[in-house]
Participant: 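Take this structure first; my questions come after.
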Amino acid sequence: MATYLRFWFITLATLLAATIVLNYWVDPYGLYRPYGDGDWKPNGASQGGLVKPYLVLRYAPRTLILGNSRAEVGFDPSDTAWPKSAQPVFNLALPGTGTRVARRLHEHVLASHPPQNVVLGVDFMDFLVEPDAKPGEPEITRRLMVLPDGRINNRRWLQTMLDGAVTLASLDALLHSIDTLRVRGQPGAAHLTATGFNPMHDYERIARDEGYFNMFRQRDIENIRAYQKRPKNLFSRGTHTSPAFEDVTAILDAARARGIHVQVVIYPYHGHLLETFRLTHTWGLFETWKRELAYRVAAHGHGSATLWDFSGYHHYARETVPPAGDEQTVVRDYWEAGHFKKELGHQLLARLSGEGDPAFGVVLTPENVDAHLSAIRWDGTRYRADRPDEIAPLEKLAQ
Amino acid sequence: MLFNSYPFLLLFLPVTAIVFFRLGAYSHRLAAVWLGAASLFFYGYWNPAYVGLLLASIFFNYGIGFALAREHDAGRERRKKLILTLGITADLALLGYYKYANFFLDTANKLLDTGWAFQDILLPLGISFFTFTQIAFLVDAWSGKAREYNFIHYLLFVTYFPHLIAGPVLHHKEMMPQFARPQTYRFSWDNMTIGLMIFVIGLFKKVVLADGVSPYANMAFQSADAGAELDLLAAWGGALAYTAQIYFDFSGYSDMAIGLSRMFGIVLPLNFNSPYKAGNIIDFWRRWHMTLSRFLRDYLYIPLGGNRKGPVRRQINLMLTMLLGGLWHGASWNFVLWGGLHGVYLMLNHAWRSLCGRHFADVSAGTAGKLAAWALTFVAVVVAWVFFRATTLGGALNMLSGMAGLQGVNLPATIQPKLGGAADLLQDLGVQFALGGGSRFMLTWSWVVCLLVIALFLPNAQELMRRHRPGLDFDPKAVTSRLEWRATPAWGLALAILAAAGVLSLSQATQFLYYQF
């Protein structure tokens, strides 16, 4: 038995060591070694919360992108619209996260290497909360430089070690390494660039195979269900604020104190999603949300922050969705109603730099917000009149 | 501390074992004290505050047991009964307070609109297990079966870390002699190897198989609890995923406990014997959580009268035993329903057996009959798991309505083109092709099929280790599988691969399901 046990133990140790070496060499999440196009990280995007807080510190960007998946897939740090003075850019947006994560990540970067510019994407859905909601701190704070109360995170080393185990000595990492080797150099593999951008190669493949109608339809169903379930409320009970608004305010205050310029961006939702707001009886709240943001950015930005609204019925948002059965037509600017492509992201970034299409995006202020909202309402009426064939299925879904 | 964690595997276990065997060569008593102290540290690592509670329970029960033995020797029946009643009442009161107080307050609030505030009570880990272990000890002391009263051994019997948190539920009489044996304190390559191999199998079952399938069970039940309508395949996929998860989680834990204990030279009773291979529900309960079934039989069903008071009383006793067995799992009406459902199953099984014995002796003798009996048993067990897993009654009913096909049948639209003409046929039969969820559907069913094949067709850990006394009361002659572990390089490689997969999964380790009970 002693001989058997020795053999077993040596085999086990060899297998573990080989796994660690392979995972370091392949680096499936792009945490340890530099990589470029073709060296795809098909599981990198799903591990953004794990790797981005480390990568951003190494990258020390001059411009930081914060937000959720819309920002992660829409704003490419290597886009030519970024002015030279804004580069390098890092996309720290994380899918499925809200304002609290954005705030903590902002504090994390400030504690190490404050950027000069921040592009903060804000999503209407994150602001629909229960009147008594008290959100807890996200798990990601364990790997950040500072704690929510502002103190240095002295236990970060523990999380760093655990993250090291997850990325080097875990079964998932091993399977992901094998996956990474399998797709190396192949087109259509999912990916996360070294600057945190998700180019959505996998969506390109799905769109090619299944067509844009299916992608829009599936998300329309999910969006309508999600907005029907969301609380129809913006503010905490008895107040004119909420944790999400406070997060935005905190980001603006912290940035202003360090001379950082913040551009708060209301995403360019497709017309289908704007109609979803209307059909789920949240349009009024959508407008109130924009008014509140306009007041907050004006009050806390003091000239160092700007609120951009790209969420109107502009010609990009009105892009026609192909009918059922049409698997050939490509939607140029959207993956589906909630997520815009980097092509539209380029137009948006150009506007942030003071160039691009003047009909796309408006700088919102307390002075112009009501007129702007009224114009969008009118555009919406025209959109519905022009596209009864696209609106009717949405109305049916909402019933 | 979790068995499936770095601190346990890299620090606690090696340090505890090395010091135990070093001390054992010098003094058995000291080694036993060390193992008891290490077990208390193991328990306190989670929440040091409850070490005091555990110790208080041990001192109290040891004292009561000692008094019972004295009264037994003196033949004072009345006083003996009084002391036993006091002991069991106190144990149940402790368990009741920590585990059921808020449940009763909630029930009273709902039924009587009392508006009582909930208590801020954190359930002490393993309280159901160490309470039941000690109640059994008191009953054994009362009946004169418990004869050994060495306090260190008693402390070890209750706190012994391999079984402390989630069983197996031990008998005083099967453990105390093992703690008293000199061989227990001598290092043995055989024990270490057999123990380690059983532990590795358990670790793999828990961290790779059970944790691997758990997201798919969780997604389905969370949707059902949230009121979403699940179609037939989604509901069955979720229910079967949980069926596989709970088996590999708890039997994996039990294998780890048995393996760990064996490293220290102590053989524990078996807790699982491939329960999903059972051909009827009576057989299922002889194979599932065997030490709890044994406890409920010996200390509840038989004292209630068992089958000694006629067939009707037997059915009532069965039902009561299963209802309380359900409630033991947790303070929720869903657990009571789960227990009640199994009570009904057992009653039907006994009635059917009696009917067959008289009228259709060979109805389940053939292959088709056996297959039908197995299928019915398996489906009944899966249906009952729905109540066990769902957090609300509405969620459970929602899930069952999906499983009954009341929410239709959906297939992912992504596979529609691959089905060719069959897709039209399926649509004619009412199957819908839904957008989204394709990868989830495929992964759920891939996991379910793989795990059920393992559970139904491969030998279990004790069958593999049958030549090496893997558990107490184990009968190697009953094993039919030809696959058997031997100390060969091929088995060494195979188990090193399982161990590597297990160790590599520790960074994403989760708690055992039965830790909550």
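Letters A, B, ... mirror the listed sequences (proteins, then strands); counts begin at 1.
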Participant: Using heavy-atom distances under 4.5 Å, tell me whether A:S170 contacts chain B through its side chain, its backbone, both, or neither.
Facilitator: both
Participant: Tell me whether B:E484 is salt-bridged to B:R486, with the criterion being a basic N under 4.0 Å from an acidic carboxylate O.
Facilitator: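 Salt bridge between B:E484 and B:R486, a charged N being under 4.0 Å from a carboxylate O: yes.
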Participant: Counting heavy-atom pairs closer than 4.5 Å to chain B, which one of A:T19, A:L5, A:T3 comes out on top?
Facilitator: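 Sorted descending by pairs with chain B, the first entry is A:L5.
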Participant: With a 4.0 Å cut-off, would you call A:R182 and A:D179 a salt bridge?
Facilitator: yes
Participant: Below 4.5 Å from any heavy atom of chain A, which atoms of B:S188 appear? Answer side chain, backbone, both or neither.
Facilitator: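 Answer is neither: B:S188 stays 4.5 Å or more from chain A.
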Participant: Please determine whether a side-chain nitrogen of the Lys or Arg among A:E222 and A:R225 lies less than 4.0 Å from a carboxylate oxygen of the Asp or Glu.
Facilitator: no
Participant: Is B:Q183 atom CD crowded by more than 12 heavy atoms from other residues, nucleotides or ligands, each under 6.0 Å away?
Facilitator: yes
Participant: For B:L498, is it the side chain, the backbone, both or neither that has a heavy atom under 4.5 Å from a heavy atom of chain A?
Facilitator: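 For B:L498, there is no contact with chain A at all, as no heavy atom is under 4.5 Å.
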